[in-house]
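One structure below.
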Amino acid sequence: MTLLDELSRRVGDAFAAAGLDPQLGRVKPADRPDLAQFQCNGALPAAKIAKKNPRELATAIAENLSGDAAFSEVTVAGPGFINIKLSDDEIARRMNALSGAGDWKDTVAISPEKIVMDYGGPNVAKPLHVGHLRAAIIGESLKRIFRFLGNDVVGDVHLGDWGLPMGQLITELQREQPDLPYFDETIEGPYPDEPPVTLKDLERLYPQASAACKENEARADEARAATAALQKGRPGYRALWRHFVAVSRRAIEAEYDDLGVTFDLWKGEADADSLIAGMAAEMRQKNLIEDSDGAQVIRVAKDGDKKKIPPLMMFKSDGGVTYGTTDLATIVDRVQSESPDRILYVVDQRQSLHFEQVFRAAGLAGLFPAHRLEHIGFGTMNGKDGKPFKTREGGVLRLRELIDMMTERAGERIADSGLAKGYGEAETAEIARKVGIAALKFADLSNPRTSDYVFDIDRFMAFEGKTGPYLLYASVRVRSVLAKAEAAGAGAAGDIIIKAPEERDLALSLLAFGDAVYGAYDKRLPHLLCDHAFSLAQVFSKFYAACRISDEADARLRASRLSLAGLAGRQLDLILELLGLEAPERM
RNA sequence: GGUCCCGUAGCUCAGUUGGAUAGAGCACCAGAUUCCGAAUCUGGGGGUCGGAGGUUCGAAUCCUCUCGGGACCGCCA
């Protein structure tokens, strides 16, 4: 149970004792830190319901709470706010318990679930670009947070490895190298193990093919025919396609790896393809599919809908499937292979209507309960013009270029600061990489998921302010002071004593961890954890500036502060891990 | 045309079941280092919460209208 949950239960009891709904005893951090640490506003709505004076109710509750040794002060202010302060002994007691706890996940209690999380969506033969960035960063962090709390999470990259682009690639390659065995229908294999193309070839062939098909109808027909043949299982095309996928995957995986993002499953749209026919047959049996202008659709609108939800197209008039069909079949696949309790899609907010249609269709068809399918949408990363980020030439920025840009800038900042001199070239480069990636990821995660944000490398990379580098610095500094203390023979960490306001603030921040993690989990909003991380780093810096640690003369105080610093470091590093940021040993 | 989101300090943004004096970071101004990493810390100025009505004891938050910006709306994924 989190701290706020515990306090709410205690205050709720006091509400109950006064004959009021204990739910009203909800406690939150004080809006006025000058007056209190925590507050409960429940007396106001309680007064409305009970038709009584709010101040009188609040006073009765405050009197009940005053008897509790955990509280040093419970007062009533304004129209009926209940202000609460914990006693220093109580804070110290909780800190010592936290210190002894092996795994802080117990500060939050949830019902663990089996979850499939979809936060990839890269396409074969196309390099990763900024459009893939947010899904990867947010998804990775949510995956880690969910796992930390005990959920069984399977991350799936959901590769775009099917459909027309594959036919386009095949026909484009055939024009360049018509003698390859994959194109000769008289050959049925075996085919060469070595791929006939490099990554560079693919990245050149695809835009080439795509442009050609747009301009030339005959070329487009050719590509469509190849796509159909591939999907029917023509051996040469299948073999070639497997090479395309394998070559692409190596490159894609390497880039995700640089971002600290990994997937457990590398499934793709192709894996769902074979399930479409059976799924559609069942839907027809349930009379869910109907004809509409030659296409076959499933109507998902419901009575009482506030907004119009158009039907989901299952089959185009040419018989081809849409990505809605594929997404539905992917649900079938996931249910069969993972039997999840819930499926999460970390995908651009602009696709919310699509997911609404798919989720409803899945529910109607009995594939999976719609309320256990969640679209975790996010806003776009914009340029300074407020529009989705583009390169100076107006093209899409590759993820690789973005990562290089961040790393390079981090390297410059480190060189300017003179901090890493004497570290050696390899270590300095590694620090630059970690700082650059942390700057990028924290900038992304610290915005509320659903809002757009502006890419500003100078702001992201600043060492001061609410940035990734600031967090890394705080973490490194804790490590450093503890190492110094050990080297100086400052003794062991011991019982925590709360005296100075900076000690109290640090302790209260550390105790807020559970609520921060729970909020990030419950609302699927990692920025809530970012806010906590930043305020913890800040409050540690204040503590560090105000309180001597390793050379504090009083041995008991020294031991207490070593504990506090150790806890701060431990928690900060845990949060960095949950956010998917890597801190260097020193910087 | 229909639906949805957004408009808060000079800049970038928090503020999710309606609650006290609307917060943070940056920028700006003024300070702090005989001492554990000053990439830090302390203090300060800065707001008609787009606008107008309404509901409420109480509104940045809920409702209506309005102005401005953006997104989405079956045969691309």
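Throughout, a chain's letter reflects where its sequence line sits, starting with A, and its residues are numbered from 1.
Between the side chain of A:K28 and the base of B:G19 there is no donor-acceptor pair of N/O atoms closer than 3.5 Å. Interface remark: the A:Q349 side chain does not form any donor-acceptor pair with the B:A71 base, using a distance-only criterion of under 3.5 Å. One N or O donor and one acceptor, one from the side chain of A:Y323 and one from the base of B:A77, sit under 3.5 Å apart. Residue side chain A:S317 reaches the base of B:C75 through a donor-acceptor N/O pair under 3.5 Å, judged by distance alone.
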Would A:Y453 and A:N382 satisfy side-chain hydrogen bond (donor to acceptor under 3.5 Å, both in side chains), going step by step from the backbone distance to the final call? CA-CA 6 Å; A:Y453 70 99; A:N382 293 341; over 6 Å; no

Could you give me the CA-CA distance, side-chain angles and deciding distance for A:R350 and A:T380, then say whether side-chain hydrogen bond (donor to acceptor under 3.5 Å, both in side chains) is met? CA-CA 9 Å; A:R350 288 175 292 190; A:T380 53; 5.5 Å; no

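Within the nucleic acid shown, A:L35 comes within 4.0 Å of at least one base atom, counting heavy atoms only. Among the atoms of the strands shown, base atoms are found under 4.0 Å from some heavy atom of A:V297. Looking at heavy-atom distances under 4.0 Å, A:V435 makes no contact with the nucleic acid at all. Residue contacts shown for A:Y470 are limited to sugar-phosphate atoms, with no base heavy atom under 4.0 Å away. A:P448 comes within 4.0 angstrom of the backbone, heavy atoms only, and of no base. Within 4.0 Å (heavy atoms only), A:D456 reaches no atom of the nucleic acid at all. Using a 4.0 Å heavy-atom criterion, one finds that A:L312 contacts no nucleic acid atom at all. Looking at heavy-atom distances under 4.0 Å, A:D161 makes no contact with the nucleic acid at all. Contacts of A:A295 with the nucleic acid, taken as non-hydrogen atoms under 4.0 Å apart, include base atoms.
For the side chain to side chain donor-acceptor pair (under 3.5 Å) condition, the pairs that include at least one residue of residues 408-423 of chain A, sequence neighbours left out, are A:R409-A:D458. Residues in residues 466-485 of chain A take part in these ring pair (Phe, Tyr, Trp, His ring centres under 6.0 Å) pairs, two or more places apart or across chains: A:Y470-A:F534.
Side-chain contact check for A:Q37 and A:R504: no donor-acceptor pair (N or O, by modelled atom type) lies under 3.5 Å.
A:S292 places none of its side-chain heavy atoms less than 4.5 Å from the side chain of A:P311. When side chains are defined from C-beta on, A:I289 does not count as touching A:V297, because their heavy atoms never get closer than 4.5 Å. Using a 4.5 Å heavy-atom cutoff, the side chains of A:M587 and A:V435 are in contact. Side-chain atoms of A:C547 and A:E503, non-hydrogen and from C-beta on, do get closer than 4.5 Å to each other. Under the 4.5 Å side-chain criterion, counting only non-hydrogen atoms from C-beta, A:Q231 is in contact with A:W162. A:L159 places a side-chain heavy atom less than 4.5 Å from the side chain of A:V124. Proximity of A:M406 to A:I437: side-chain heavy atoms (C-beta onward) are nowhere separated by under 4.5 Å. Proximity of A:H375 to A:H354: side-chain heavy atoms (C-beta onward) are nowhere separated by under 4.5 Å.
As rounded to whole Å, 13 Å separates atom C1' of B:U12 from atom OH of A:Y453. The CD1 atom of A:I309 sits 12 Å away from the C1' atom of B:G2 (whole-angstrom rounding).
Nearest-nucleotide positions on RNA chain B place A:A30 closer to the 5' end than the other of A:G160 and A:A30. Toward the 5' end of RNA chain B, the nearer of the two residues A:W162 and A:Q23, judged by each one's closest nucleotide, is A:Q23.
The distance from atom CG of A:D554 to atom OG of A:S560, rounded to the nearest 0.5 Å, is 9.5 Å. Separating the CG atom in A:L169 from the OG atom in A:S248 is a distance of 8.0 Å, to the nearest 0.5 Å.
Of the listed nucleotides (B:C76, B:U16, B:U40), B:U16 has the atom at the smallest distance from the side chain of A:K523. Taking the side chain of A:S451 as heavy atoms from C-beta on, and the options B:A39, B:C13, B:C75, the nearest nucleotide is B:C13. Candidate nucleotides B:C13, B:C73, B:C75 were compared by shortest atom distance to the side chain of A:L353, and B:C73 ranks first. The A:F463 side chain lies nearest to B:A39 when the options are B:C13, B:C73, B:A39. Closest to the side chain of A:H527, from the set B:G15, B:U40, B:C36, is B:G15. For A:A545, whose side chain is taken as the heavy atoms from C-beta onward, the closest listed nucleotide among B:C76, B:C41, B:C36 is B:C41. For A:Q351, counting side-chain heavy atoms from C-beta on, the closest listed nucleotide (B:C75, B:A77, B:U40) is B:A77. Comparing atom distances between the A:E269 side chain and each of B:C75, B:A77, B:A14 picks out B:A77 as nearest. Closest to the A:N83 side chain, of the nucleotides B:C73, B:C76, B:A20, is B:A20.
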Read 5' to 3' with Watson-Crick or G-U pairs under 3.5 Å, [ ] for crossing pairs and | for partners on another strand, RNA chain B gives (((((((..((((.....[...)))).(((((.......))))).....(((((..]....))))))))))))....

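Spacing between B:G45 and B:G10 at atom P, rounded to whole Å, works out to 15 Å. Nucleotides B:C6 and B:C13, compared at atom C1', are 13 Å apart to the nearest Å. The gap from the P atom of B:A24 to that of B:G51 amounts to 22 Å, rounded to the nearest Å. Of the C1' atoms belonging to B:A32 and B:G70, the separation is 46 Å, rounded to the nearest Å. One C1' atom belongs to B:G23, the other to B:G15, and the distance between them is 7 Å to the nearest Å. Across B:G47 and B:C65, the matching P atoms stand 32 Å from one another, rounded to whole Å. Look at the C1' atom in both B:G19 and B:U12: the space between them is 28 Å, to the nearest Å. Rounded to the nearest Å, the gap between the P atom of B:A59 and that of B:C49 is 12 Å.
With a 6.0 Å radius and a threshold of 12 heavy atoms from other residues, nucleotides or ligands, A:E486 has its CD atom at or below the threshold.
Put simply, A:F81 does not rest on the base of B:G19: the two rings are not both less than 5.5 Å apart at their centres and under 30° in tilt.
The shortest distance between the side-chain N/O atoms of A:S352 and the OP1/OP2 oxygens of B:C72 is not below 4.0 Å.
Note on ring orientation: taking the six-membered ring where Trp is involved, the planes of A:F460 and A:F455 are perpendicular (angle over 60°, cut-offs 30° and 60°).
With A:I138 as the fixed residue, the side chain to side chain contact (heavy atoms under 4.5 Å, CB included) test singles out one of A:L133, A:L445, A:L525: A:L445.
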Tabulate protein N/O versus nucleotide N/O from nucleotides 22-30 of chain B, keeping only pairs under 3.5 Å, one per line.
unit_1, atom_1, unit_2, atom_2, d
B:G25, OP1, A:Q538, NE2, 3.1
B:G25, O2', A:K466, N, 3.4

Show each protein N/O and nucleotides 43-46 of chain B N/O combination with a separation under 3.5 Å, one pair to a line.
none

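Scanning residues 546-554 of chain A for heavy-atom distances under 4.0 Å to RNA chain B yields A:C547, A:R548, A:I549, A:S550, A:D551.
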